[in-house]
Structure formats: structure tokens, C-alpha cells
Amino acid sequence: MPKILTDAQAQGYRTDGYVCPIRAFDAEVAADYRDRMDRLEADHPGLWAGAKVKPHLLMTWLNELMREPRILDAVEDVLGPDILAWATGHFDKKPHDPGFLAWHQDATYWGLSEPSVVTAWVALTPSTRQNGCMRVVPGTHTEGQLRHTDTFATGNMASRGQEIQVDVDETAAVDLELLPGEFSLHHTMLVHGSLPNTSDVRRCGITIRYVAAHVRQTTGFQDSATLVRGTDRHGHFRPEPRPAGDFDPTASAFYDEVVGEAQRRKAAIAAQADSAGSER
């Protein structure tokens, strides 16, 4: 029996590749997370430019957020009981921000062994169609890995400006609108994207990439993850330390190692994509 999802939601995830919305915590808790994030950013100008890889290793509020019980309950309903938090990300569109995400699949450049991976998109502010919420194309997670081209387009928030090279039926797209404290789950193969923020309202959310413990990195480079529920019987990922404080020395030293390895891994995957004509 599901822990938190209804039977219909669990079936919807299998059929459509997403569930939305799910309540993680109330709006006051979301505001507290957001305020802690904003205070840290004010103290560290350019924070996110230097913390794009696994920022949960450096920031206590984010490390706490990825362990929220109701988020993990929902993730367990789709991945099973043994869960690793593999990556986190920060997506913040200020009012009238032209940034967008072209249609893409998350798994394209990750190098993971299988798609037992789910992303939780956690809203810290309202996320609506007007301010550029995530959009998905239901059922596309069943189509396998689609060809992508790296566009490096201005305004595209994806790492390589990647977008799929197949036609998308825009009329089938669903807007995943969220209130503060709500989250969505989406399958790593689901085609999704987002539009610019055309409103006066900030859209800020956190992504948490969870993997089943049996998933492994296939690139030959070392990778790391945090066990957040259950047991890791496989040991495919280097265990990550929990920061005792924001940017504490031990966590920062580990982060520097992880960033170096991630950059080498990313370069290897990018070179492989380039040799294949920048398509996957």
C-alpha cells in the first residue's frame, strides 16, 4: 500500500510519468526555507554560480529539505524503500525573467544505469503558468531515450541548452502548478520544460533527484549520494557527509572533491555526445 500517494496517484505516475500536487509542508515552513536561502545568498553574493553541483553538501537548509518525511514517503511510493538523494538544484525565476527550459528529458547526460530516478520539484513560492511553472507531456517517459541536440541557446536554463529532436504536441502539455510547500514528482525520462516568467511574481523552487539504491554510475567516474531512507546494500555511490553548518570546512573540502569529479564526468559525457553529433 502506498505511504502517502493514493492508489490513483501511484497508477498515474506509472501511466503519465508524474504526480502533482503533493503537500510536503505548510506555507510558513516554505517561507522559512526560502528566507534561509535568501539570507545565505545575501551573505554570499554569487552563491548559486559557485554551487551548481550538489549544493546540499554546503547548505544545511537544503540538506534538511531533501530529508523532509512527506517528500520521502511519496518517493518511496514510486522508487521503493531504499532511497539515495543524488543531486539537488535551484531554479529561481525573478519577475519577468526570460529564462526557459526547452523540451528535454533529465536523464540524457547523467550517465546513470537505469531510470529508477525521480525528481521532486518543491515550490518555495507560487509556481503558476504565468510565472513559468514546469510543463510536462504525459506518457512520454515510456518512449525511451529520445534524441537531443545541444543548442546552448541564450536563456535556456539547461546545462547545454539541450532539447529533444522530436515534435511535441503542445496541446497535450500539462502545467504543474504548485502552491508554496507543495511538490511534484516526475520520472527521469518524462519530456518536460518551462516558459519564461511573464508575471510580477517570483517563481522559486528546489529540485531533488532521488535514485533507488541499486542504480549506479556508468561513466567510470566516481559519484556520490546521500542515503536518506532505508539501506544501501550496493555501495555504488560514495557516501556524502552532512554539513554541520553552512560551508563548514569538512563539507566544503568534500564538495571540492565532488565538483572536480563531476566536472570530469560531465566532460566525458559531453565528449561522447559531441562525437555522436551532439545527439542522444
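By convention here, the first residue in the shown sequence is residue 1.
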Under a 4.0 Å N-O cut-off, is there an ion pair linking [X] with [Y]?
{"X": "Arg135", "Y": "Glu170", "result": "yes"}
{"X": "Asp38", "Y": "Arg202", "result": "yes"}
{"X": "Arg264", "Y": "Glu261", "result": "yes"}

ILVMFWY cluster, [X] and [Y] together (side-chain gap under 4.5 Å):
{"X": "Val117", "Y": "Leu5", "answer": "no"}
{"X": "Ile208", "Y": "Val118", "answer": "yes"}
{"X": "Phe237", "Y": "Trp110", "answer": "yes"}
{"X": "Ile4", "Y": "Phe183", "answer": "yes"}
{"X": "Trp86", "Y": "Val259", "answer": "no"}

Okay, side chain of [X], backbone of [Y]: is any donor-acceptor separation there less than 3.5 Å?
{"X": "Asp248", "Y": "Ala244", "value": "yes"}
{"X": "His104", "Y": "Val191", "value": "no"}
{"X": "Asp246", "Y": "Met59", "value": "no"}
{"X": "Thr188", "Y": "Pro115", "value": "no"}

Legend entry - Candidate pair Val53 and Tyr255, rule side chain to side chain contact (heavy atoms under 4.5 Å, CB included), full reasoning: CA-CA 8 Å; Val53 178; Tyr255 180 83; 4.1 Å; yes

What's the shortest heavy-atom distance between [X] and [Y], and which atoms?
{"X": "Pro55", "Y": "Leu62", "value": "CG-CD2, 3.6 Å"}
{"X": "Gly205", "Y": "Trp121", "value": "CA-CH2, 3.4 Å"}
{"X": "Ile22", "Y": "Ala74", "value": "CD1-CB, 4.2 Å"}
{"X": "Asn131", "Y": "Pro126", "value": "ND2-O, 2.9 Å"}
{"X": "Gly80", "Y": "Ile83", "value": "O-CG1, 3.4 Å"}
{"X": "Ala225", "Y": "Leu84", "value": "CB-CB, 3.9 Å"}

Inset, instruction - Output, in order, the C-alpha distance, side-chain angles, deciding distance and verdict of side chain to side chain contact (heavy atoms under 4.5 Å, CB included) for Val137 and Leu190. - result: CA-CA 7 Å; Val137 184; Leu190 187 69; 5.8 Å; no

Inset, instruction - Under the side chain to side chain contact (heavy atoms under 4.5 Å, CB included) rule, what do Asp200 and His96 come out as? Steps first, then yes or no, please. - result: CA-CA 7 Å; Asp200 296 328; His96 304 285; 2.6 Å; yes

Can you name the residues that form a salt bridge (Lys or Arg N to Asp or Glu O under 4.0 Å) with [X], not counting sequence neighbours?
{"X": "Glu177", "answer": "none"}
{"X": "Arg229", "answer": "Asp73, Glu76"}
{"X": "Glu182", "answer": "Arg23"}

Could you grab the distance from atom [atom1] of [X] to atom [atom2] of [Y], nearest 0.5 Å is fine?
{"X": "Leu58", "Y": "Thr88", "atom1": "CG", "atom2": "OG1", "value": "9.0 Å"}
{"X": "Thr250", "Y": "Leu57", "atom1": "OG1", "atom2": "CG", "value": "12.0 Å"}
{"X": "Ser184", "Y": "Leu176", "atom1": "OG", "atom2": "CG", "value": "5.0 Å"}
{"X": "Asp77", "Y": "Leu72", "atom1": "CG", "atom2": "CG", "value": "11.0 Å"}
{"X": "Leu178", "Y": "Ser127", "atom1": "CG", "atom2": "OG", "value": "5.5 Å"}
{"X": "Leu227", "Y": "Arg67", "atom1": "CG", "atom2": "CZ", "value": "9.0 Å"}

Does a side-chain heavy-atom distance below 4.5 Å link [X] with [Y]?
{"X": "Arg216", "Y": "Glu114", "value": "no"}
{"X": "Lys93", "Y": "Ser194", "value": "yes"}
{"X": "Thr218", "Y": "Leu112", "value": "no"}
{"X": "Trp48", "Y": "Asp92", "value": "no"}
{"X": "Pro196", "Y": "Asp97", "value": "no"}
{"X": "Arg129", "Y": "Leu195", "value": "yes"}
{"X": "Gln130", "Y": "Val201", "value": "no"}
{"X": "Tyr210", "Y": "Leu185", "value": "no"}

Inset, instruction - Return each pair, listed once, that meets side chain to side chain donor-acceptor pair (under 3.5 Å) where at least one residue sits in residues 231-240; pairs must be two or more places apart or across chains. - result: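 Qualifying pairs, neighbours excluded: Lys54-Glu240, His56-Glu240, Asp82-Arg233, Ser224-Glu240, Thr226-Glu240, Arg238-Glu257.
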
Legend entry - Listed partners of His141 passing side-chain hydrogen bond (donor to acceptor under 3.5 Å, both in side chains), at least two apart: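 Partners of His141 by the side-chain hydrogen bond (donor to acceptor under 3.5 Å, both in side chains) criterion come out as none, since no residue qualifies.
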
Legend entry - Pairwise ring pair (Phe, Tyr, Trp, His ring centres under 6.0 Å) hits with a residue in residues 3-33, at least two apart: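 Sorted pair list: Phe25-Tyr33.
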
Legend entry - Distance-only side-chain donor-acceptor flag, Thr15 / Gln11, under 3.5 Å: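 Thr15 vs Gln11: donor-acceptor pair found between side chains.
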
Inset, instruction - Say whether Asp106 and His187, considering side chains only, have a donor N or O and an acceptor N or O under 3.5 Å apart. - result: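 Absent: no donor and acceptor within the cut-off.
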
Inset, instruction - Could you check Arg36 against Glu41 for salt bridge (charged side-chain N to carboxylate O under 4.0 Å, His left out), going step by step and ending with a plain yes or no? - result: CA-CA 9 Å; Arg36 290 170 66 185; Glu41 188 170 11; over 6 Å; no

Inset, instruction - Run the numbers on Cys133 and Thr128 for side chain to side chain contact (heavy atoms under 4.5 Å, CB included), then give the verdict. - result: CA-CA 5 Å; Cys133 69; Thr128 67; 5.5 Å; no

Inset, instruction - Determine, stepwise, if the pair Arg203 / Thr125 fulfils side chain to side chain donor-acceptor pair (under 3.5 Å). - result: CA-CA 6 Å; Arg203 189 220 68 167; Thr125 67; over 6 Å; no

Inset, instruction - Kindly check if the number of other-residue, nucleotide or ligand heavy atoms within 6.0 Å of NZ (Lys52) is above 12? - result: no

